[in-house]
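A note on names: the letters A, B, ... follow the listed sequences, proteins ahead of strands, and every chain is numbered from 1. None of these values were measured; they are calculated from a predicted model.
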Amino acid sequence: DQQVKQNSPSLSVQEGRISILNCDYTNSMFDYFLWYKKYPAEGPTFLISISSIKDKNEDGRFTVFLNKSAKHLSLHIVPSQPGDSAVYFCAARVDRGSTLGRLYFGRGTQLTVWP
Amino acid sequence: KAGVTQTPRYLIKTRGQQVTLSCSPISGHRSVSWYQQTPGQGLQFLFEYFSETQRNKGNFPGRFSGRQFSNSRSEMNVSTLELGDSALYLCASSLGKGSYEQYFGPGTRLTVT
């Protein structure tokens, strides 16, 4: 049962434009969300996160938006650069109970930024 | 500060054999989680250890097991390997308490023939 879903397996964006990666979730108990970036032959790298008590978090070119009523979050990258080309994973966690410490991941979206 | 290290990086085993993978977390991190990544799938959670105790377990058969040592280093063992166990195995560490971000190692690529 995929509790975190990334419905777009790929996204192609021109350099300098905005990249928007989307993520949906089904478990209303999730209270923390994270985005990871992964290059081939490397482990995922933590990018940015957001608590469920917020609806926006910014870090440089990266902004994550959370819409709890829609169970949807998105990652905006502005401006996009060729070095951003990677697989992006959305992840979520429940911060209490038996699943404390476990991250639930989506299947990833391959972002390609072309010149 | 050194990152998460995993050994070996690559491994080729034959069906029916067993394998042990090792993970050294970031210094000071007490939680270690293991994930399996296969083509087309996201990261599938295997288990998480905190202070030498298994705190969480995913939906994998009993052939997959792990442990954590007093220095927080962790090992994962897979017995009676099957072809479907071929995957990238990723280890992640975090502070464990009050910390939400997990930091990943480069992974061990296991190929079962």
Out of curiosity, does [Y] fall in the hydrophobic cluster containing [X] (side-chain heavy atoms, cut-off under 4.5 Å, transitive links)?
| X | Y | value |
| --- | --- | --- |
| A:Met29 | A:Tyr25 | yes |
| A:Val64 | A:Val4 | yes |
| A:Phe65 | A:Leu73 | no |
| B:Val19 | B:Leu83 | yes |
| B:Tyr89 | A:Tyr104 | no |

- So which part of B:Arg109 gets closer than 4.5 Å to some heavy atom of chain A, the side chain, the backbone, both or neither?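 Answer is neither: B:Arg109 stays 4.5 Å or more from chain A.
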- Item | A:Pro44 side chain near B:Leu43 side chain, heavy-atom distance below 4.5 Å | yes
- Task: Would you check if B:Gln37 and A:Lys38 make a side-chain contact, meaning some heavy-atom pair closer than 4.5 Å?
- Result: yes
- Message: Between B:Phe104 and A:Phe46 (judged by ring centroids, cut-off 6.0 Å), do the two rings come close enough to count as a pair?
- Response: no
- Rounded to the nearest 0.5 Å, how far does OG of B:Ser94 lie from CZ of A:Arg93?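 A:Arg93 atom CZ to B:Ser94 atom OG measures 7.0 Å (nearest 0.5 Å).
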- Could you grab the distance from atom OH of A:Tyr36 to atom CD of B:Glu101, nearest 0.5 Å is fine?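 The OH atom of A:Tyr36 sits 7.0 Å away from the CD atom of B:Glu101.
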- Pair B:Tyr35-A:Leu103, side-chain contact (heavy atoms from CB on, under 4.5 Å): steps then yes or no: CA-CA 10 Å; B:Tyr35 295 85; A:Leu103 288 180; 3.3 Å; yes
- Could you have a look at A:Gly108, A:Ser51, A:Gly43, A:Ser49 and say which one has the most heavy-atom pairs with chain B under 4.5 angstrom?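 Between A:Gly108, A:Ser51, A:Gly43, A:Ser49, the count favours A:Gly43.
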- Query: Counting heavy atoms not belonging to B:Asn71, are there more than 12 under 6.0 Å from its CG?
  - Reply: yes
